[in-house]
Amino acid sequence: KQEVTQIPAALSVPEGENLVLNCSFTDSAIYNLQWFRQDPGKGLTSLLLIQSSQREQTSGRLNASLDKSSGRSTLYIAASQPGDSATYLCAASSNTPLVFGKGTRLSVIA
Amino acid sequence: GAVVSQHPSWVICKSGTSVKIECRSLDFQATTMFWYRQFPKQSLMLMATSNEGSKATYEQGVEKDKFLINHASLTLSTLTVTSAHPEDSSFYICSARKTGYTEAFFGQGTRLTVV
């Protein structure tokens with residue numbers, strides 16, 4: 001059974017800092033791994049999708065990497081802004097529905 | 001493309017009543033849809049997998065007679081919370097997977113409050 005773990009659970013950084021969010025998964029037989037953003041009381045916004053054959057994906061200030069062999073993915077946020085404050089969820093997809101981590105709650109302080 | 005619309009976005013109902021939540025894929029066909037529940041400050045927990053034209057598959061611990069799922073067409077799945085109680089208050093999110101693809105797209109969620 002797939003299990004997804006995210007570290008840290010919460011993170012607070014000053015504006016402008018670069019930061020890394022970590023995600024690990026137990027079953028490496030995944031189709032893809034997705035990173036989502038969730039604002040309080042809101043739904044999910046898909047940020048990046050990395051297919052199992054890919055090593056990384058980039059979108060603007062966001063870069064996500066995937067290492068299937070070690071069961072790890074990272075989300076790198078460059079030059080953080082207060083608007084980046086949200087909960088970030090990673091989810092692994094295999095032949096079962098998406099399995100989510102508990103998320104990292106990010107606060108970027110101006 | 002790949003838009004999933006969920007309705008309503010929030011609902012308040014009295015204890016003992018039933019509430020129906022709709023999940024529609026607006027611009028693609030989805031043979032499979034998923035229903036998740038999220039309690040405050042918790043992650044999304046899968047409730048059930050809905051397949052068009054067949055019975056839903058429920059996760060362990062989810063009461064199928066309480067959470068009725070219908071997936072009558074390739075673009076619509078509904079979740080009905082029957083005889084709702086305050087402990088059913090939660091954030092419910094649906095997800096749809098394009099036929100033949102592995103990426104899932106999410107609705108905006110429904111905040112259910114049972115009073």
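Because only heavy atoms are used, hydrogens play no part in the values below, and waters and symmetry mates are left out as well, while side chains stay in. Proteins come first, then strands; the chains are lettered A, B, ... in the order of their sequence lines, and each starts at number 1.
Contact count against chain B (heavy-atom pairs under 4.5 Å) is highest for A/Asn32 among A/Val4, A/Leu89, A/Thr45, A/Asn32. When each of A/Gly101, A/Gly103, A/Ala91 is checked for heavy-atom pairs under 4.5 Å with chain B, A/Gly101 comes out on top. Taking chain A as the reference chain and counting heavy-atom pairs below 4.5 Å, the highest number among B/Arg97, B/Lys41, B/Gln38, B/Met45 is found for B/Gln38. When the candidates A/Gln38, A/Gln51, A/Arg105 are compared by the number of heavy-atom contacts under 4.5 Å with chain B, A/Gln38 comes out ahead.
Side-chain contact check for B/Thr80 versus B/Val19: every heavy-atom pair is 4.5 Å or farther apart.
Residue B/Gln6 does not touch chain A at all, counting heavy-atom pairs closer than 4.5 Å. Residue B/Ile93 touches chain A through its side chain alone, counting heavy-atom pairs closer than 4.5 Å. Contacts between A/Lys42 and chain B at a heavy-atom distance below 4.5 Å involve the backbone alone (N, CA, C, O).
Under a hydrophobic clustering in which Ile, Leu, Val, Met, Phe, Trp and Tyr are joined whenever their side-chain heavy atoms come within less than 4.5 Å, directly or via other members, B/Val11 and B/Phe91 fall into different clusters.
One side chain, A/Thr58 or A/Asn63, offers a donor N or O that lies under 3.5 Å from an acceptor on the other.
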Exercise for review: Before giving the answer on salt bridge (Lys or Arg N to Asp or Glu O under 4.0 Å), spell out for B/Asp88 and B/Lys66 the whole-Å C-alpha distance, their side-chain angles and the decisive distance to 0.1 Å.
Suggested key: CA-CA 10 Å; B/Asp88 298 323; B/Lys66 180 170 185 61; 2.8 Å; yes

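Aromatic rings of A/Tyr88 and A/Phe100 (six-membered ring for Trp) have centroids beyond the 6.0 Å cut-off, not under it.
Ion pairing between A/Arg61 and A/Asp84 holds under the 4.0 Å rule for side-chain N and carboxylate O.
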